[in-house]
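Contents: one structure, followed by commentary.
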Amino acid sequence: MLQISDMDRFLTIAARVIAILGIGFISTFALDVFEPGRAATDIALALAMHLLPSIGLIAVLLLAWRWPMVGGLAYLAIGALPFVLLANPPLTNALLGSPFALAGVLFVAAASSGRSRPR
């Protein structure tokens with residue numbers, strides 16, 4: 001049977017893994033900058049621009065790693081952003097935002113269950 005501390009640890013690790021996988025998923029969209037015949041400097045600049053959202057998501061992950069409640073609330077807001085900012089079909093927006101919303105829920109649940117002190 002899982003003890004409370006085991007459940008806290010599971011929630012925290014699951015939230016971190018889901019956030020990392022979500023960041024990896026979003027980062028794969030940067031691969032469209034590689035085209036034959038394109039200058040290396042153009043590719044580097046385009047790649048940096050495409051990876052800016054991933055850098056922001058990594059910053060939120062680092063925040064959530066230290067302060068799960070704050071990071072979880074930030075991830076919940078990020079999970080809603082595709083619906084506000086993008087004109088995609090709702091299913092597409094759900095696919096883009098759901099990993100971060102789920103990570104947010106798990107971070108908040110871990111923080112609420114007593115594991116909110118920094119490590």
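All of these numbers come straight from a predicted model, not from anything done at the bench.
- Closest non-hydrogen pair, I23 versus S54, comes out as O-OG, 4.1 Å.
- L47 and L52 fall into different hydrophobic clusters, where Ile, Leu, Val, Met, Phe, Trp and Tyr residues are linked whenever their side-chain heavy atoms come under 4.5 Å apart, directly or through other members.
- At a threshold of 4.5 Å between side-chain heavy atoms, the hydrophobic network of Ile, Leu, Val, Met, Phe, Trp and Tyr places F25 and I20 in one connected group.
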Show me, pair by pair, the donor-acceptor contacts under 3.5 angstrom made by side chains of residues 86-110, not counting sequence neighbours?
residue: N88; atom: ND2; partner: N93; partner atom: OD1; Å: 3.3
residue: N93; atom: ND2; partner: P82; partner atom: O; Å: 3.4
residue: N93; atom: ND2; partner: N88; partner atom: O; Å: 3.4
residue: S98; atom: OG; partner: A94; partner atom: O; Å: 2.8

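- Using a 4.5 Å heavy-atom cutoff, the side chains of S112 and M69 are in contact.
- No path of Ile, Leu, Val, Met, Phe, Trp and Tyr side chains, each step under 4.5 Å between heavy atoms, connects V17 with I58, placing them in separate hydrophobic clusters.
- Here R9 contributes atom CZ and I13 contributes atom CD1; the two are 4.0 Å apart, rounded to the nearest 0.5 Å.
- The distance from atom CG of L62 to atom CG of L57, rounded to the nearest 0.5 Å, is 11.0 Å.
- Nearest heavy atom pair, residue R66 against residue P68, reads O-CD, 3.6 Å.
- For the atom pair CD1 (I78) and CG (L73), the distance works out to 11.0 Å, reported to the nearest 0.5 Å.
- Atom OG1 of T28 is separated from atom NE2 of H50 by 11.0 Å, given to the nearest 0.5 angstrom.
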Evaluate the side-chain contact (heavy atoms from CB on, under 4.5 Å) criterion for residues V33 and R38: first the C-alpha distance (whole Å), next the side-chain angles of each, then the deciding distance (0.1 Å), finally the verdict.
-> CA-CA 9 Å; V33 302; R38 194 169 183 184; 4.0 Å; yes
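- Closest approach of A30 and L51 over heavy atoms only: CB-CD2, 3.6 Å.
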